[in-house]
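For reference, positions follow the sequence shown, starting with 1.
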Amino acid sequence: MSSSTSIKMQKLGVRFRPPTIYLFYTDVSTGKLRRRTVVLDDFTKDSDITDYANELHDDKTTKKRNLFRYVPLRRLERLLFVVKEGLTANISKNDIEKKLRKFDELDINEDLNKLDDGTLKHKKLIMNETFEKNRVDPSSKNFVYDVVVDFEPTPGEKQTSEWDSADEIEEDIKQDDDDFEEDDDDFK
């Protein structure tokens, strides 16, 4: 590996026994496809996925050799989740896929204040990923400056708020003028 910019991640894989992650990457300077096998010696079915993923991703001791820094943290968490579920006995691939989908779900009615730190970090990563996927910035081809959207009420639904009606604005102005005149009388 000649430099940090000469790596392009291709794909990732896992093995359950022993817990192992495979990183397939291309060394851009030589054009060779390479594989790094990382055995997770201390990873068990009781390991905290978020902490373990952060530890792998931000490992300072092997900074020059650490290929996990090229893997998005959320993807690393998903891989570790698959490994963790695979460590349980007699679980099928379909069951792991179902649990992974549930692991990646966000419930809009869930109270995030009641979650533990690891789960909260995971939910925030999901939210951040969703935000980045849906974000439209000025360099995007879908970007439109100063979009004005008029929300129409659904048919059969009565609109209850009329905050900025012209009558209310005129009444507010008249009341302010009356208040101002009363204040002038106090100073005479």
Side-chain angles (χ1 to χ4, degrees), residues 1-137 139-140 142:
M1 231 177 334
S2 59
S3 74
S4 62
T5 59
S6 67
I7 301 299
K8 183 175 180 198
M9 294 303 294
Q10 297 296 324
K11 59 184 176 178
L12 302 164
V14 298
R15 183 173 62 192
F16 302 131
R17 302 204 195 287
T20 307
I21 294 180
Y22 296 98
L23 298 108
F24 295 90
Y25 63 96
T26 302
D27 186 347
V28 177
S29 61
T30 63
K32 289 185 179 180
L33 179 65
R34 299 184 181 272
R35 179 186 77 190
R36 169 84 49 95
T37 304
V38 180
V39 179
L40 309 173
D41 294 326
D42 55 346
F43 189 79
T44 66
K45 57 185 174 184
D46 299 323
S47 298
D48 185 303
I49 293 172
T50 305
D51 291 341
Y52 205 91
N54 282 324
E55 189 177 311
L56 286 175
H57 193 266
D58 300 330
D59 189 8
K60 303 290 188 234
T61 58
T62 60
K63 188 168 184 170
K64 292 193 179 201
R65 298 177 294 142
N66 185 10
L67 294 178
F68 288 113
R69 64 186 169 166
Y70 300 105
V71 179
L73 191 57
R74 174 139 153 62
R75 187 156 183 206
L76 196 53
E77 278 188 1
R78 294 181 83 225
L79 275 175
L80 290 172
F81 179 83
V82 169
V83 171
K84 186 174 183 174
E85 291 301 317
L87 290 175
T88 60
N90 300 328
I91 190 165
S92 69
K93 180 181 174 184
N94 289 336
D95 289 340
I96 292 175
E97 288 174 353
K98 286 178 189 173
K99 287 185 175 187
L100 184 61
R101 278 193 292 277
K102 186 164 175 55
F103 179 69
D104 287 338
E105 281 182 357
L106 280 178
D107 181 11
I108 58 171
N109 297 321
E110 185 174 24
D111 186 1
L112 299 178
N113 292 320
K114 296 180 180 178
L115 298 178
D116 61 282
D117 288 344
T119 308
L120 182 62
K121 285 179 187 176
H122 174 72
K123 298 288 184 180
K124 285 184 176 182
L125 281 174
I126 294 172
M127 287 185 244
N128 191 36
E129 181 180 273
T130 305
F131 171 77
E132 290 297 328
K133 185 171 55 173
N134 295 328
R135 183 174 74 166
V136 178
D137 62 352
S139 63
S140 174
N142 297 334

Engineer: Find the distance between CG (Leu67) and NE2 (His57) and round it off to the nearest 0.5 Å.
Structural biologist: 11.5 Å
Engineer: Any chance you could lay out the side chain to side chain contact (heavy atoms under 4.5 Å, CB included) test for Phe43 and Lys84, step after step, and finish with the verdict?
Structural biologist: CA-CA 8 Å; Phe43 189 79; Lys84 186 174 183 174; 4.0 Å; yes
Engineer: I'd like to check the side-chain hydrogen bond (donor to acceptor under 3.5 Å, both in side chains) partners of Glu55; sequence neighbours left out, ordered by chain and number.
Structural biologist: none
Engineer: With Asp116, which residues qualify under side chain to side chain contact (heavy atoms under 4.5 Å, CB included), at least two apart?
Structural biologist: Thr119
Engineer: Could I get the full list of side chain to side chain contact (heavy atoms under 4.5 Å, CB included) partners for Phe16, not counting sequence neighbours?
Structural biologist: Val14, Val82, Ile96
Engineer: In chain order, what residues pass the side-chain hydrogen bond (donor to acceptor under 3.5 Å, both in side chains) check against Asp42, with sequence neighbours excluded?
Structural biologist: Tyr52
Engineer: Working note: Ser29 + Asp27, criterion side-chain hydrogen bond (donor to acceptor under 3.5 Å, both in side chains); need CA distance, chi angles, decisive distance, verdict.
Structural biologist: CA-CA 6 Å; Ser29 61; Asp27 186 347; 2.8 Å; yes
Engineer: What distance separates Thr37 OG1 from Ile21 CD1, expressed to the nearest 0.5 Å?
Structural biologist: 11.0 Å
Engineer: Taking atom CG of Asn109 and atom CG of Asp107, what is their separation to the nearest 0.5 Å?
Structural biologist: 5.0 Å
Engineer: Got a sec, which residues hit salt bridge (Lys or Arg N to Asp or Glu O under 4.0 Å) with Lys123, two or more places apart in sequence or on another chain?
Structural biologist: Glu110
Engineer: Any side-chain heavy atom of Leu80 within less than 4.5 Å of one from Leu40?
Structural biologist: yes
Engineer: State, yes or no, whether a side-chain contact exists between Val38 and Arg36 at a heavy-atom distance under 4.5 Å.
Structural biologist: yes
Engineer: To the nearest 0.5 Å, how far apart are CG in Asn54 and CD1 in Ile49?
Structural biologist: 12.0 Å
Engineer: Answer yes when Arg69 and Asp58 have at least one side-chain N-carboxylate O distance shorter than 4.0 Å, and no when they do not.
Structural biologist: no
Engineer: Checking Lys99 now: which residues fulfil side-chain hydrogen bond (donor to acceptor under 3.5 Å, both in side chains) with it, not counting sequence neighbours?
Structural biologist: Glu85
Engineer: To the nearest 0.5 Å, what is the distance between CG (Asp117) and NZ (Lys124)?
Structural biologist: 9.0 Å
Engineer: Is the shortest heavy-atom distance from the side chain of Phe81 to the side chain of Leu100 under 4.5 Å?
Structural biologist: yes
Engineer: Is the shortest heavy-atom distance from the side chain of Leu33 to the side chain of Tyr25 under 4.5 Å?
Structural biologist: no
Engineer: Judged by atom type as modelled, is there a donor-acceptor pair below 3.5 Å linking the side chain of Thr26 to the main-chain atoms of Val28?
Structural biologist: no
Engineer: Would you call Arg17 and Leu87 a side-chain contact if the rule is heavy atoms closer than 4.5 Å?
Structural biologist: yes
Engineer: Just wondering, do Val83 and Leu79 contact through their side chains at under 4.5 Å, heavy atoms?
Structural biologist: no
Engineer: Mind checking side chain to side chain contact (heavy atoms under 4.5 Å, CB included) for Leu125 and listing every partner two or more places apart, or none if nothing turns up?
Structural biologist: Leu73, Arg74, Glu77
Engineer: What pairs with Val136 under side chain to side chain contact (heavy atoms under 4.5 Å, CB included), at least two apart in sequence or on another chain?
Structural biologist: Ser140, Asn142, Phe143
Engineer: Please enumerate all residues that pass salt bridge (Lys or Arg N to Asp or Glu O under 4.0 Å) together with Arg135, with sequence neighbours excluded.
Structural biologist: Glu132
Engineer: If the condition is side-chain hydrogen bond (donor to acceptor under 3.5 Å, both in side chains), which residues does Asp137 pass it with, not counting sequence neighbours?
Structural biologist: Ser139
Engineer: Without swapping roles, check the side chain of Thr20 against the backbone of Pro18 for a donor-acceptor pair under 3.5 Å.
Structural biologist: yes
Engineer: Judged by modelled atom types alone, do Tyr22 and Arg35 share a side-chain donor-acceptor pair under 3.5 Å?
Structural biologist: no
Engineer: Could you name each residue pair satisfying ring-ring contact (aromatic ring centres under 6.0 Å, His included) that touches residues 112-134, not counting sequence neighbours?
Structural biologist: Phe103-His122
Engineer: Report the distance from atom CG of Leu23 to atom CZ of Phe68, rounding to the nearest 0.5 Å.
Structural biologist: 4.5 Å
Engineer: Once salt bridge (Lys or Arg N to Asp or Glu O under 4.0 Å) is applied, do any residues pair with Glu105, and if so which ones, sequence neighbours excluded?
Structural biologist: none
Engineer: Tell me if a side-chain donor or acceptor on Thr50 pairs with a main-chain N or O of Gly118 at a distance below 3.5 Å.
Structural biologist: yes
